[in-house]
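Inspection log for the structure reproduced underneath, given as structure tokens.
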2 protein chains.
Amino acid sequence: MDNQKISPETRLAQMIAKLKENEFRITPQRYAVLRILAHSEYHPSAESIYEQLIADYPTMSPATVYKTINLLKKNGEILELEFSEMSNRYDGNRPYPHPHMICTQCGAIVDPPMHDFEKLKSKMMEETGFTISSFRLDFFGLCPDCRKE
Amino acid sequence: MDNQKISPETRLAQMIAKLKENEFRITPQRYAVLRILAHSEYHPSAESIYEQLIADYPTMSPATVYKTINLLKKNGEILELEFSEMSNRYDGNRPYPHPHMICTQCGAIVDPPMHDFEKLKSKMMEETGFTISSFRLDFFGLCPDCRKE
DNA sequence: TTATTAGTTGATAATCATTATCTATTCACT
DNA sequence: AGTGAATAGATAATGATTATCAACTAATAA
Ligand SMILES: [Mn+2]
Ligand SMILES: [Mn+2]
Ligand SMILES: [Zn+2]
Ligand SMILES: [Zn+2]
């Protein structure tokens with residue numbers, strides 16, 4: 001329903017607007033992290049963001065990347081995919097729960113077309129008595145590239 | 001389809017049989033961990049298992065609990081629910097992927113009735129080109145108890 | 001039975017992603 | 001320019017899990 005792709009520039013503007021709205025400063029470091037997130041399709045880790053930035057921002061520290069990610073979390077502008085065996089991954093483009101396809105070989109994470117989970121959620125709520133506020137759905141397997149080998 | 005509850009005793013016997021089949025020893029420590037897992041409905045953490053055992057087995061160490069869990073993982077007899085913000089949780093009764101309801105207040109994790117995900121999986125495979133071998137589906141919300149407050 | 005060998009336990013140290021702490025720097029506003 | 005709050009970055013701390021290794025146990029052989 002809301003799964004149409006918006007441009008990285010638009011998304012970047014959205015994130016900046018939200019931070020400004022809540023009176024956070026858009027520092028060069030934050031801007032750089034936000035730009036990476038808005039342009040990423042592959043759900044980067046904090047370390048991956050740091051590595052992309054260290055060339056252009058020699059003083060950038062991992063702590064700042066983590067802090068910016070946490071700021072975006074507090075402002076509802078990023079979706080965190082938690083993992084315990086590997087680093088967490090982030091989606092700055094779709095900061096709401098949605099399914100993911102995760103390649104167990106190369107670690108790629110992509111967004112499949114969003115399907116309707118409302119029916120499933122309602123059924124679960126009825127049958128368990130839970131109030132559902134969020135969900136996490138990951139499919140694990142091999143991406144087309146890794147499949148070839 | 002295979003979601004009918006079997007007795008803890010039967011489940012315990014199954015796990016023991018699998019380990020013996022693969023020529024692992026059933027030590028008192030392993031037996032104790034398996035028994036807890038077979039009798040648990042609440043998806044315990046490693047620490048929780050350890051705490052339940054330390055009274056009866058004063059020499060039990062957390063390392064042994066972790067080792068037994070990993071042994072069960074290698075033998076396909078336990079499902080690990082990974083978390084990064086809290087300890088991993090384990091289901092020794094249903095060691096195959098299935099959805100979970102997770103209470104964000106008290107940490108309870110329960111198994112809802114299993115629904116058919118084959119259709120959903122097929123659709124995802126067609127549309128993304130992935131080969132899906134596994135999935136993870138968590139619903140987050142408030143359990144009936146926490147809801148009352 | 002005793003010896004041999006491999007498997008297992010449990011204490012301890014190591015790992016590693018993430019967070020906390022603290023100081024220097026930058027920014028917003030006077 | 002001056003003042004106070006926000007931020008950056010270096011560094012230490014955290015905590016669940018894993019690695020290491022010596023002591024113990026069990027299975028088998030001599
Ligand atoms: Mn995504
Ligand atoms: Mn379960
Ligand atoms: Zn792949
Ligand atoms: Zn609860």
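Naming: A, B, ... by sequence-line order, numbering from 1 per chain. Keep in mind that the numbers below use all heavy atoms, side chains included, and drop hydrogens, waters and symmetry copies.
With sequence neighbours excluded, the residues that form a side-chain contact (heavy atoms from CB on, under 4.5 Å) with B/Glu41 are B/Lys5. By the side-chain contact (heavy atoms from CB on, under 4.5 Å) test, B/Ala108 is found to be paired with B/Cys103, B/Cys106, residues two or more places apart in sequence or in another chain being considered. With sequence neighbours excluded, the residues forming a side chain to side chain donor-acceptor pair (under 3.5 Å) with B/Glu82 are A/Ser84, listed by chain and number. Under the rule for a side chain to side chain donor-acceptor pair (under 3.5 Å), A/Gln105 has no partner lying at least two apart in sequence or in another chain.
Through direct or relayed side-chain contacts under 4.5 Å between Ile, Leu, Val, Met, Phe, Trp and Tyr, B/Tyr66 connects to no other residue.
Here chain A contacts DNA chain D (any atom closer than 4.0 Å to a heavy atom, that is under 4.0 Å), and the contacts span D/dA5 to D/dA10 from 5' to 3'.
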Hey, can you pull the donor-acceptor pairs under 3.5 Å for the side chains in residues 138-149 of chain A, sequence neighbours left out?
from, atom 1, to, atom 2, distance (Å)
A/Asp138, OD1, A/Arg136, NE, 3.2
A/Asp138, OD2, A/Arg136, NE, 2.9
A/Asp138, OD2, A/Arg136, NH2, 2.8
A/Arg147, NE, B/Thr131, OG1, 2.8
A/Arg147, NH1, B/Gly129, O, 2.8

Between side-chain atoms of residues 49-60 of chain B and protein atoms elsewhere (two or more places apart, or another chain), which donor-acceptor pairs fall under 3.5 Å?
from, atom 1, to, atom 2, distance (Å)
B/Gln52, NE2, B/Tyr42, OH, 2.4
B/Gln52, NE2, B/Ser48, O, 3.3
B/Gln52, NE2, B/Ser48, OG, 3.3

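Remark: A/Phe24, A/Arg25, A/Thr27, A/Gln29, A/Arg30 in residues 15-31 of chain A come within less than 4.0 Å of DNA chain D through at least one heavy atom.
Identified under the side-chain hydrogen bond (donor to acceptor under 3.5 Å, both in side chains) test for residues 18-34 of chain B, with sequence neighbours left out: B/Lys18-B/Glu77. Counting only residues at least two apart or on different chains, no salt bridge (charged side-chain N to carboxylate O under 4.0 Å, His left out) pair has a member in residues 62-71 of chain B.
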Does the protein touch nucleotides 11-25 of chain C at the base, only the backbone, or not at all? Give it as B, S and - per nucleotide, heavy atoms under 4.0 Å.
B-----SSB-B----

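For B/Arg35, the CZ atom counts as loosely surrounded, since its 6.0 Å shell holds 12 or fewer non-hydrogen atoms of other residues, nucleotides or ligands.
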